[in-house]
S.K.: 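I am attaching a structure below and will ask some questions about it afterwards.
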Amino acid sequence: MSRTYDPKALEAKWQKRWEEAGLYAADLSDGSDKYYTHVMFPYPSGDKLHIGHWYNYGPSDSFARFMRMQGKKVFSPMGFDAFGLPAENYAVKTGVHPDTSTRKNVETMITQLKRIGCMYDWSKMVNTSTPEYYRFTQWLFLQMHKHGLAYKKAGNVNWCPSCQTVLANEQAQDGTCERCGTPVIHKPLEQWYWNITRYSQQLLDGLDALDWPEKTKIMQRNWIGRSEGCDVVWSVTGCDMSLETFTTTVDTIYGVTFVVIAPDHPLLPTLVTPEQRDAVHAYIAQSSTKSEFDRQFGDKDKTGVCTGAFLKHPFTGMSIPLWVADYVLMTYGTGVVMGVPAHDQRDMDFAKKYGLDIVQSIQNPEGESIVYDNIDKYAVLGTIIDSGAFSGIAILDGRKKIIDQLERAGMGRRKIQYRLRDWCVSRQRYWGAPIPIVYDPKGNPHPVPEEHLPWTLPTDVEFNPTGESPLKHSNEFKERTEKLFGKGWTPEYDTMDTFVCSSFYYLMYLQTQGASMKAESCQLSASQKKNNQPLTLVHPEVEKQWMPVDMYIGGAEHACMHLIYARFVMMALKDFGYVSHSEPFKKLVHQGVITNKGAKMSKSKGNVVSPDALVDRHGSDVFRMYLMFMGPFTEGGDWSDTGIKGIDRFALRLFKLFEIIQDQPSQKTKNTSTKIDQSKGSSQTALHRAIKKITEDIPAFRFNTAISALMELLNVLEREQEIDRSTLQTVAKLLAPLAPHLADELWEMCGGEGFVVDQRWPSFDPALLTSDTMTIAVQVNGKLRGSIEVPSDSSKDDIIATASKQENVAKFIAGTSIAKQIYVPGKLVSFVVG
RNA sequence: GCCAUGGUGGCGGAAUGGUAUACGCGCGCGACUCAAAAUCGCGUUCCCGUAAGGGAUUGAGGGUUCAAGUCCCUCCCAUGGCACCA
């Protein structure tokens with residue numbers, strides 16, 4: 001009886017069996033030996049899964065399977081980050097309601113995801129756009145509000161004229177909209193903010209204990225941007241007012257020759273002198289037309305105007321001119337900066353341009369002026385000069401003494417400044433979770449009581465890009481608010497940033513109270529609605545046992561947004577008393593990016609490659625293995641399908657190897673392959689070497705070398721005359737994480753019981769890693785001159801003796817004196833001759 | 001500019017300071033076939049040589065070492081991130 005390897009039929013068969021057996025459902029009531037792993041959940045676009053999805057999910061699943069075979073109770077859920085702009089844009093274009101298109105996309109995507117054959121526990125699926133989910137997004141807002149972490153403020157925001165929406169700074173980093181590329185403009189708006197900056201230090205400290213890529217931690221540290229320094233108070237000449245500057249280098253304070261204030265600083269209009277009023281107002285008007293992007297990145301050439309006001313130097317009492325310049329930002333520090341041209345390149349440029357004084361106040365050991373571009377080096381070595389009582393003191397020491405003096409005189413204080421800004425969670429969009437706030441007739445905000453959650457997203461809206469929130473046109477929304485709260489009350493029309501939805505979904509996967517998150521059950525049942533019990537985000541015991549996520553896999557592009565927001569939310573929830581851990585993700589791995597001809601694949605560039613044809617032809621197993629075989633998981637690479645044939649052959653050869661045992665009940669199996677090599681029976685060594693290699697490679701996400709180890713093993717086994725059944729079973733187990741469908745088939749073919757993923761991962765015997773003989777390389781003066789084959793138990797002296805007699809080696813030693821001989825056990829002999 | 005990561009055959013890539021180029025693709029030759037595909041066998045870093053063997057080689061140049069792709073220094077290039085942060 002001969003079977004053929006038909007991946008399509010074989011994979012469908014096993015996917016069905018897995019589903020029928022409920023093989024991947026995790027029992028969350030018991031967290032012993034748990035392993036919680038998941039990938040960053042996808043946005044359910046209407047497109048088919050692309051190469052990037054497969055590249056991310058296939059290997060991640062292989063890792064999860066490996067952990068299960070290590071005896072861990074693996075929980076690997078999947079969900080959908082389903083709120084967001086694309087569905088809304090699609091609605092504007094086609095009139096299809098975002099809920100309809102999203103639900104359809106989710107269904108399609110589930111079907112496609114299932115084809116990969118991942119061990120997802122679909123019973124725990126989440127969809128952020130369902131009321132079952134977003135009532136918790138709203139609950140989170142209420143908690144933030146209750147604990148004083150949510151507040152409203154007017155602020156200048158980045159506005160995308162095309163998307164008609166506000167963008168966070170990080171969504172408009174190069175001055176264009178992250179989603180559509182339109183240049184971002186500047187616009188003031190009332191927004192809800194979450195006070196993430198209160199957690200700056202904790203977010204920084206928590207990084208140390210995380211098993212994350214070092215570069216990601218560095219990025220977060222830079223993003224949070226802690227700097228130590230002090231505020232200095234400057235009294236304004238001729239009035240009662242004073243200004244404060246923040247500086248990290250107060251040691252240069254005697255070098256201050258001017259001070260610069262931001263054009264949007266609230267005190268500026270009252271400080272400016274009558275003579276300078278017109279010039280300053282013109283400057284303010286001019287810079288207010290610039291977006292924050294232009295102010296920060298637009299022209300390197302600094303502009304500014306003299307305000308006519310003077311400040312009193314806190315030490316020398318000298319009059320220091322106050323200038324206004326838009327390179328100083330209101331959003332960082334105090335919005336006022338001291339200018340030290342002698343020791344700062346930017347200040348130097350400014351001083352030269354406007355003819356301001358340049359005064360040196362620190363120097364390096366050679367007596368040269370220090371420009372603070374290498375602060376650590378100079379701060380250690382330099383000295384303060386021409387600075388009154390502080391002259392001659394080392395910089396670091398002087399810095400301390402100057403702050404002490406300022407604090408004693410009430411002219412300043414130590415301060416730690418962070419670059420991190422509060423999180424604007426408001427979005428003027430329809431397709432998001434409504435912010436659960438209502439306004440009384442006087443316009444004061446009030447939280448929507450928890451019993452009214454979910455505070456549902458109205459459905460009677462029009463999808464025309466009008467520039468204001470589409471929710472403003474919902475009659476149902478207004479009527480609902482007035483009915484519940486009274487005449488003249490109005491709802492908050494903004495919805496929440498989708499980063500809010502994704503900041504706690506790892507907890508929603510752990511929901512055990514039977515809240516079905518299935519796409520088809522978007523409407524809450526009446527009984528659920530009537531139930532006025534407080535919402536439980538996650539059962540405390542389940543959270544305690546299953547958090548944190550042991551392995552989180554996703555793109556590096558989320559290093560400074562999602563991955564900081566999620567950490568902040570977890571920390572806040574811990575402080576509120578709802579969870580016991582403060583960090584959500586214990587270990588993090590970033591998959592690499594698959595490019596096409598060097599460019600990142602994107603729909604807008606039209607260079608997205610669909611894997612469908614390849615999967616149809618070769619099957620999921622082969623395609624997954626091919627993606628893994630391309631190179632290290634964390635490095636990605638440029639797409640090419642030229643090598644898939646090699647994996648195809650590999651799968652077929654494996655299948656053939658197992659096929660020969662079909663009709664043979666005996667333990668030993670005759671290999672009928674043409675490749676039989678009579679010379680040696682080294683299969684056990686090869687097997688145990690492969691076990692060792694694969695066991696080390698998979699948890700390190702080195703799937704490429706794990707697969708090549710398996711190929712090498714296959715090359716050996718194909719040359720064996722007889723293969724015993726247990727060897728084949730071990731091979732099936734080794735293959736199980738990498739090609740799950742084929743592995744189950746092979747497992748069945750060689751008489752295995754149950755599913756292969758439920759088997760214990762094989763262990764290797766160190767004694768079997770070496771064979772009877774070993775090959776030793778022989779070098780003379782560092783050059784390879786030959787190699788010798790010796791028994792594995794040979795002594796050092798014997799090996800060196802044999803090496804020196806090797807024909808070619810002897811040639812190079814002859815007539816010389818041996819100055820040194822080095823033996824590296826099991827590897828090489830090196831002769832150094834004179 | 002700063003930080004991070006990387007640069008190895010025709011290609012993807014492998015290599016605890018110890019035989020560089022594993023594994024695979026591609027290519028060449030051969031077997032099977034009427035033929036092709038598929039499959040199998042052999043070969044394949046480059047140069048010289050029939051071969052044995054020799055020489056060169058991990059972006060460039062120095063250094064440490066018996067021994068460097070790997071460690072150190074100076075550059076060059078690529079990718080990612082940050083960037084008027086006071």
Side-chain angles (χ1 to χ4, degrees), chain A residues 173 213-219 221-223 225 227 229 245-250 252 259-260 295-302 325-329 331-340 344-347 349-350 372-374 417-419 556-557 559-560 590 592-593 595 598 600 626 629-632 634-650 652-653 656 673-675 702 704-712 714-715 718 775-787 807-808 811 819-833:
Chain A
Q173 278 186 36
E214 203 49 45
K215 63 171 185 175
T216 308
K217 292 203 217 176
I218 289 169
M219 269 191 253
R221 285 192 191 104
N222 292 341
W223 194 260
S227 49
T245 57
F246 173 73
T247 179
T248 54
T249 55
V250 75
T252 63
V259 168
V260 186
R295 275 177 63 176
Q296 281 192 58
F297 315 106
D299 40 7
K300 290 285 168 195
D301 196 23
K302 314 292 172 255
D326 61 11
Y327 73 80
V328 175
L329 307 174
T331 48
Y332 182 78
T334 60
V336 190
V337 176
M338 56 187 225
V340 190
D344 182 282
Q345 190 58 52
R346 184 186 57 194
D347 293 347
D349 295 344
F350 195 79
Y372 262 126
D373 59 354
N374 195 344
Q417 178 71 44
Y418 298 91
R419 237 159 78 177
E557 69 274 17
C560 295
H590 297 304
V593 178
T595 55
K600 205 170 167 177
Y626 177 60
F629 192 61
M630 275 176 61
T634 51
E635 273 164 41
D638 204 44
W639 172 249
S640 154
D641 60 9
T642 52
I644 196 164
K645 216 175 201 175
I647 303 292
D648 223 1
R649 286 178 188 149
F650 171 59
L652 192 66
R653 280 163 59 200
K656 282 188 175 167
S673 158
T674 54
K675 297 180 191 174
R702 290 192 300 255
N704 55 333
T705 48
I707 291 171
S708 61
L710 214 44
M711 285 173 170
E712 284 179 86
L714 179 62
N715 287 342
E718 281 179 333
T775 308
I776 303 291
V778 187
Q779 295 180 342
V780 179
N781 280 355
K783 278 198 186 288
L784 184 69
R785 295 302 178 188
S787 68
E807 200 185 341
N808 198 48
K811 220 164 72 189
K820 207 168 174 182
Q821 44 195 23
I822 293 144
Y823 172 57
V824 182
K827 299 267 186 188
L828 65 67
V829 173
S830 180
F831 294 107
V832 184
V833 300

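The basis for the numbers below is simple: all heavy atoms, side chains too, and nothing from hydrogens, waters or symmetry mates. Note on naming: letters A, B, ... go to the chains in the order of the sequence lines (proteins, then strands), and numbering restarts at 1 for each one.
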S.K.: Base contacts versus sugar-phosphate-only contacts with protein, heavy atoms under 4.0 Å: please encode nucleotides 48-55 of chain B as B, S and - from 5' to 3'.
M.R.: -----SSS
S.K.: For atom P, what is the distance between B/rC11 and B/rG81, given to the nearest Å?
M.R.: 27 Å
S.K.: Take atom P in B/rG54 and the same atom in B/rG7, then report the distance between them in whole Å.
M.R.: 30 Å
S.K.: Between B/rA52 and B/rU79, how far apart are the two P atoms, rounded to whole Å?
M.R.: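 Roughly 44 Å separates the two P atoms.
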S.K.: Return the nucleotide paired to B/rC34: Watson-Crick means purine N1 to pyrimidine N3 with N6-O4 or O6-N4, wobble means G-U with N1-O2 and O6-N3, both under 3.5 Å.
M.R.: none
S.K.: Would B/rG9 be called syn or anti here, given the cut-off of 90° from 0?
M.R.: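 Syn conformation here, the glycosidic angle of B/rG9 being no more than 90° from 0.
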S.K.: Between B/rG12 and B/rU50, how far apart are the two P atoms, rounded to whole Å?
M.R.: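 Each nucleotide's P atom is 33 Å from the other's.
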S.K.: Does B/rC3 have OP1 or OP2 sitting under 4.0 Å from an N or O in the side chain of A/R221?
M.R.: no
S.K.: On a whole-Å scale, what distance lies between the P atoms belonging to B/rC46 and B/rA83?
M.R.: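 Their P atoms lie roughly 47 Å apart.
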S.K.: Heavy atoms only, 4.0 Å cut-off, all strands: where does A/V337 land among base, sugar-phosphate and nothing?
M.R.: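 If one applies the 4.0 Å heavy-atom cut-off, A/V337 turns out to touch a base.
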S.K.: Looking at A/K820, does any N or O in its side chain come under 4.0 Å of the phosphate oxygens OP1/OP2 on B/rC66?
M.R.: yes
S.K.: Using a 6.0 Å cut-off, check whether atom CD of A/E214 has over 12 heavy atoms from anything other than its own residue.
M.R.: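 Result for CD/A/E214: enclosed.
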S.K.: Under 4.0 Å from OP1 or OP2 of B/rC23: is there any side-chain N or O of A/R649 that close?
M.R.: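 Indeed not, no polar side-chain atom of A/R649 lies that close.
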S.K.: How far does the C1' atom of B/rC76 sit from the matching atom of B/rA38, given to the nearest Å?
M.R.: 48 Å
S.K.: Counting the atoms with a prime plus P, OP1 and OP2 as sugar-phosphate, which does A/S830 contact under 4.0 Å by heavy atoms, base, sugar-phosphate, or nothing?
M.R.: base
S.K.: Where the side chain of A/P632 is defined as all heavy atoms beyond and including C-beta, which of B/rU19, B/rC23, B/rG13 is the nearest nucleotide?
M.R.: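 Shortest atom-to-atom distance from the side chain points to B/rG13.
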S.K.: Indicate whether OP1 or OP2 belonging to B/rC2 is found under 4.0 Å from a side-chain N or O atom of A/N222.
M.R.: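 A/N222 to B/rC2 OP1/OP2: no side-chain N or O under 4.0 Å.
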S.K.: Roughly how many Å apart are B/rA36 and B/rU45, using the P atom of each and rounding to a whole number?
M.R.: 28 Å
S.K.: Can you see if the side chain of A/N704 gets near the phosphate of B/rG24 - specifically, an N or O under 4.0 Å from OP1 or OP2?
M.R.: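 Result: no.
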S.K.: Quantified in whole Å, what is the C1' atom distance between nucleotide B/rA68 and nucleotide B/rA15?
M.R.: 13 Å
